[in-house]
Asker: 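Right, I'll just put the structure down here and ask away after.
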Amino acid sequence: MKRRDFLADLARLSVLYAGIPNGWRVITYPRLIDDPFTLGVASGDPTDTSAVIWTRLAPKPLDPDGGMTARTAVTWEVAGDEKFTSIVKTGRYTAGPELGYSVHVDVTGLEPGWEYFYRFKLPDVTSPVGRLRTAPVPGALNPRSRLKVAFASCQQFEEGYFTAFDHMAREGADLIAHLGDYIYEYGGVENRVRRYATREVRSIDDYRIRYAQTKGDPSLKAAHAATSWIVTWDDHEVDNNYAGLSGENNMESDEQMRARRAMAYQAWWEHQPVRVPRVRSWADLNITRSFEWGGLASLWVLDTRQYRSNQACDDGNKDVPCGNWDDPSRTMMGDAQERWLFDGLAKSRNHWQVLANQVRIAPFDETPGEGRRFSMDQWSGYPHALERLSRAIADRAPNRTVAITGDIHSNWVNELRARNDRPDAPVVGAEFVGTSITSGGDGRDEATNWTDKTRAENPHCKWQNSRRGYVLCEFSADDCRADYRTVPFVTKPGAPIQTASSWRVVRGRPGIVKI
Ligand code: FE
Ligand code: CA
């Protein structure tokens, strides 16, 4: 559009709104010089009758406020077909600066088990089209029931191209789960594949710009448009390895961490298609929630960062016992979340219980023979919390619980046991740990700590691989199949996709079998 028209519009609007206090003005349908839909569209948190649709207006994504200057009303449409010939729902949402000009609409009254398309509109410009899925009727289960979940984590923007998301977008997944490290808070490092626009992120503007830069990636946008997502967070959405109100370096005061958490959590909410309850302070945003996929599966979205005790023994990998590692009062999820999950596992009638989890549950002992050395940041750093979880799975949903996990930038297949101090304890669950999208760079076939000796020490760990990619899990009434999809490189664009390994869990039967 011409600049003259833009100024004319502004003049007309200022006449229209003369006399209304500035902050209350709604500029309905402004004409923007640049495309405001640079961050794409997304949908998420589907139920059987609803889903959230999302966009954020950001004509200049790397500017504070994304280059927006006034409240803007956006029209949204949901249709049964990609060409929008049968629009089933439509409405208007006014985006404002308080929430970063983000748009969240919880679209209700949809049909269960259905596919819809959605888009957003301003007078001169229409957003890309996204596809959303609703869950089947609660309790519904038949021999043809399927749930195909692709899951991902750890997308360090600087370290590579998000090519894996292009492939994920074409998998025909019902749901995409993101298990954390959607952004990294770090300042830019020279000589990497891509360069961050800001220093280490510490202000709301910084976090918004970091999300905007990450979300501008075309492969990530394609995966968001492809189907509905369920998103949780890990540490880097705030600060590396933070725990509750303890920052990475244990230098920040509680008040400083609360302030940082509030900004980070708000920016997370602004950029994700999520439905979470309102809170008094963003610093206390509770994102634990559960979803049902007919009678086939329940998905429990965990938060193992916000409520956990500080890492024992100054974090890192440590010989145990050390310090307060063994203190029974130390927690990973906090009491309320633990009760919610354990009660939920006991009550759910659904065939599969899926834990959308951040850090590795199955302990990995790095010391062959006598002595044990564990990660203090993973569940192994919280042994009593780990035993409580293992017991809950064993008692309440044995051999129908599957954890999907991120964090460690490598692929693992782990059996979960009823207790972790005895190698002969029965297998009661499965953990599929998915590698990173880009974090760690190109990767390699095996990790340095995966040797004949560590293999023998950790018989519950069945397989390991350190390529980049994602995992595809398909649940049926009888079994769950996991395909580890990997790309050979991320430092150049255009990597092909391959299946590095495939595994199966049969419902009601202990163990994970290689296909
Ligand atoms: Fe990570
Ligand atoms: Ca050992």
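Indexing begins at 1, ligand by ligand and atom by atom, following the structure's order.
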Asker: Within 45 degrees of the axis of the six-membered ring of Tyr196 and under 6.0 Å from its centre: does Arg210 put its NZ or CZ there?
Answerer: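 Yes.
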Asker: What about the rings of Tyr484 and Trp463, do their centers lie closer together than 6.0 Å?
Answerer: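 That pair passes the under 6.0 Å test.
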Asker: Any N/O/S atom, backbone or side chain, of Ser439 lying under 2.8 Å from the Fe ion (ligand 1)?
Answerer: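 It does not; every qualifying atom lies at 2.8 Å or beyond.
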Asker: Can you name the nearest heavy-atom pair linking Val359 to Thr405, along with the distance?
Answerer: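 Taking every non-hydrogen atom into account, C-CG2, 3.5 Å.
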Asker: Taking the Fe ion (ligand 1) as the vertex, what is the angle from OH of Tyr184 to NE2 of His409, given to 10 degrees?
Answerer: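 Between OH of Tyr184 and NE2 of His409, at the Fe ion (ligand 1), the angle is about 90°.
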Asker: Counting backbone and side-chain atoms alike, is an N, O or S atom of Gly369 positioned under 3.0 Å from the Ca ion (ligand 2)?
Answerer: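 Checking Gly369: at least one N, O or S atom is under 3.0 Å.
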Asker: Please verify the inter-ring angle class for Phe364 with Trp450; under 30° counts as parallel, over 60° as perpendicular, anything in between as tilted.
Answerer: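 If you compare the ring of Phe364 with that of Trp450, the planes turn out tilted.
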Asker: Tell me whether Glu457 has at least one N, O or S atom under 3.0 Å from the Ca ion (ligand 2).
Answerer: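 Glu457 does place an N, O or S atom closer than 3.0 Å to the Ca ion (ligand 2).
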Asker: Examine Arg372 and say whether one of its N/O/S atoms is closer to the Ca ion (ligand 2) than 3.0 Å.
Answerer: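 For Arg372, the answer is no, given that no N, O or S atom comes within less than 3.0 Å of the Ca ion (ligand 2).
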Asker: Test the Lys215-Tyr211 pair against the cation-pi criterion, namely NZ or CZ under 6.0 angstrom from the six-membered ring centroid and within 45° of the ring axis.
Answerer: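 Geometry flag: not set, cation outside 6.0 Å or 45°.
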Asker: Would you call the rings of Phe162 and Phe157 parallel, tilted or perpendicular, taking 30° and 60° as the class edges?
Answerer: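 Perpendicular, since the angle between the ring planes exceeds 60°.
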Asker: Which is the closest N/O/S atom of Asp365 when seen from the Ca ion (ligand 2)?
Answerer: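 For Asp365, the N, O or S atom at the smallest distance from the Ca ion (ligand 2) is OD2.
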Asker: At the Fe ion (ligand 1), what is the angle formed between atom OD2 of Asp181 and atom SG of Cys154, rounded to the nearest 10°?
Answerer: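 OD2 of Asp181, the Fe ion (ligand 1) and SG of Cys154 span an angle of about 90°.
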